[in-house]
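Notes for the one structure printed next.
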Amino acid sequence: MTPPAPADRAGDPPATEPASTEHADKPRARGSRVRQRVAVIIPAKDESRRIAATVRSAKAIPHVDLVLVVDDGSEDNTQHVAREAGAVVVRHSHNRGKAAAMETGAAVVAMRDAPDRPARVLLFIDGDLAETAVNTAPLVPPVLEGHADLAIANLPPQPGAGGRGLVVGAARRAIASLTGWTPNQPLSGMRCLTREAFEAATPLAHGWGVETGMTIDLLRQGFRVVEVPCDLRHRPSGSDLRGQLHRAAQYRDVQLAANARRVRAAAGAVRRSVSSAQSPTHR
């Protein structure tokens, strides 16, 4: 499969087929990536019970020299526990959502990047991974070595998960319909990507639609995406009322992110059609 030509940032589709896992064996000649460092960014809200173990485990990932926790308006001691565990901590005074926490984290990392060195690769992980956070390490090499612009963790089945696949299915279908690539776990929040890819995906989709929106946006712009198996364990949403409400919010945000990109794609098609109709015919 030929790698796609980048589309414009307004959302026009690529000229050829979108990127997919089939590109994983085609590294790009960017030797500087081997020397890059990695920043772990952990958006967290009310994770005081697990955040210390997550931070300590993340610090053991090869190439990581910065672990940053973005406390998104926690009402517990998340920020203090994370700092004591060795993380750099920034805090939102009130809850602003996962996308905002990710953008804040990336901005702080950019400020800490040295001007004479390549920008750090960004590794986003969830705050409830605890001791398994180190198992996100396989996400790093594909990006550092230039095989991919975005590596997404493919998790094993999680004990206690109460969902029935409705939200995952909706996200999977949305990504497939807009890019031609069908991911296994479209909602996985454990993601390693280049600074270039992150900036191309901003502004991020709101709330729980951030992963779906990011994947669609990057694939449509010609960035290469892979899924990588990672042995991770996090706190799954149960089948109680709280879990059902969480999944309802996820479903809403995934649909909002997908619909916004469908509208953007349709607008791009109209622009191309109008431009083609107005172009003079050369004989």
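Counting only distance, with no hydrogens or angles, the side chain of Glu227 and the backbone of Ala153 share no donor-acceptor pair below 3.5 Å. Between the side chain of Asp76 and the backbone N or O of Ser48 there is at least one donor-acceptor pair closer than 3.5 Å. Using a distance-only test at 3.5 Å, with no hydrogens or angles considered, a donor-acceptor pair links the side chain of Gln221 to the main chain of Ala200. Distance alone, capped at 3.5 Å, places no donor-acceptor pair between the Arg172 side chain and the Gln185 backbone. Although no hydrogens or angles enter the test, the distance criterion places a donor-acceptor pair under 3.5 Å between the side chain of Arg224 and the main chain of Gly146. With hydrogens and angles ignored, the 3.5 Å screen pairs no side-chain donor or acceptor of Ser74 with any backbone N or O of Asp71.
The closest side-chain heavy-atom distance from Leu68 to Val90 is below 4.5 Å. Here the side chains of Ser177 and Arg262 are in contact, with some heavy-atom distance below 4.5 Å. Using a 4.5 Å cut-off on side-chain heavy atoms (C-beta onward), Gln79 and Glu84 make no contact. At least one side-chain heavy atom of Leu123 sits under 4.5 Å from a side-chain heavy atom of Val140. Thr212 has its side chain within reach of Ile175: a pair of non-hydrogen atoms, C-beta onward, lies under 4.5 Å apart. Leu193 places none of its side-chain heavy atoms less than 4.5 Å from the side chain of Val143. Residues Val81 and Glu47 form no side-chain contact, since every pair of their non-hydrogen atoms from C-beta on lies 4.5 Å or further apart. Two residues are said to be in side-chain contact when any heavy atoms from C-beta on lie closer than 4.5 Å; Val254 and Trp208 fail this criterion.
From Leu150, atom CG reaches atom CG of Leu219 across 8.0 Å, with rounding to the nearest 0.5 Å. Atoms SG and CG, on Cys230 and Asn154 in that order, are 8.0 Å from each other to the nearest 0.5 Å.
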Original post:
Can Asp128 and Lys45 be said to form a salt bridge (charged side-chain N to carboxylate O under 4.0 Å, His left out), step by step?
Top reply: CA-CA 10 Å; Asp128 62 354; Lys45 183 179 186 298; over 6 Å; no
**OP:** Verify side-chain hydrogen bond (donor to acceptor under 3.5 Å, both in side chains) between Asn135 and Thr132, making sure each step is shown before the conclusion.
**Re:** CA-CA 5 Å; Asn135 293 338; Thr132 70; 5.3 Å; no
**OP:** Mind running ring pair (Phe, Tyr, Trp, His ring centres under 6.0 Å) on Phe124 and Phe198 for me, showing each step along the way?
**Re:** CA-CA 11 Å; Phe124 291 94; Phe198 182 82; 5.7 Å; yes
Subject >> Val38 and Asp65: CA distance, side-chain angles, deciding distance, side chain to side chain contact (heavy atoms under 4.5 Å, CB included) verdict >> reply: CA-CA 6 Å; Val38 177; Asp65 75 332; over 6 Å; no
**OP:** List the steps, then state whether side chain to side chain contact (heavy atoms under 4.5 Å, CB included) holds for Val109 with Leu66.
**Re:** CA-CA 8 Å; Val109 171; Leu66 172 62; 4.0 Å; yes
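Comment: Arg195 does not engage Asp149 in a salt bridge, judged by the lack of any side-chain N to carboxylate O separation of less than 4.0 angstrom. The residues Lys98 and Glu103 are annotated as not salt-bridged, no charged nitrogen and carboxylate oxygen being separated by less than 4.0 angstrom. Between Asp72 and Arg91, none of the side-chain N atoms (NZ, or NE/NH1/NH2) sits under 4.0 Å from a carboxylate O, so this pair counts as no salt bridge. With respect to the salt-bridge test (charged N to carboxylate O, under 4.0 angstrom), the residues Arg120 and Asp113 qualify.
Looking at Arg191 and Thr215, their side chains do bring a donor and an acceptor atom within 3.5 Å of each other.
Cluster membership for Ile216 and Leu256, using ILVMFWY side-chain heavy atoms within less than 4.5 angstrom, is not shared.
What you find for Ala58 and Val40 is that their closest heavy atoms are CB-CG1, 4.0 Å.
Heavy-atom contacts from other residues, nucleotides or ligands closer than 6.0 Å to NE2 of His206 number 12 or fewer.
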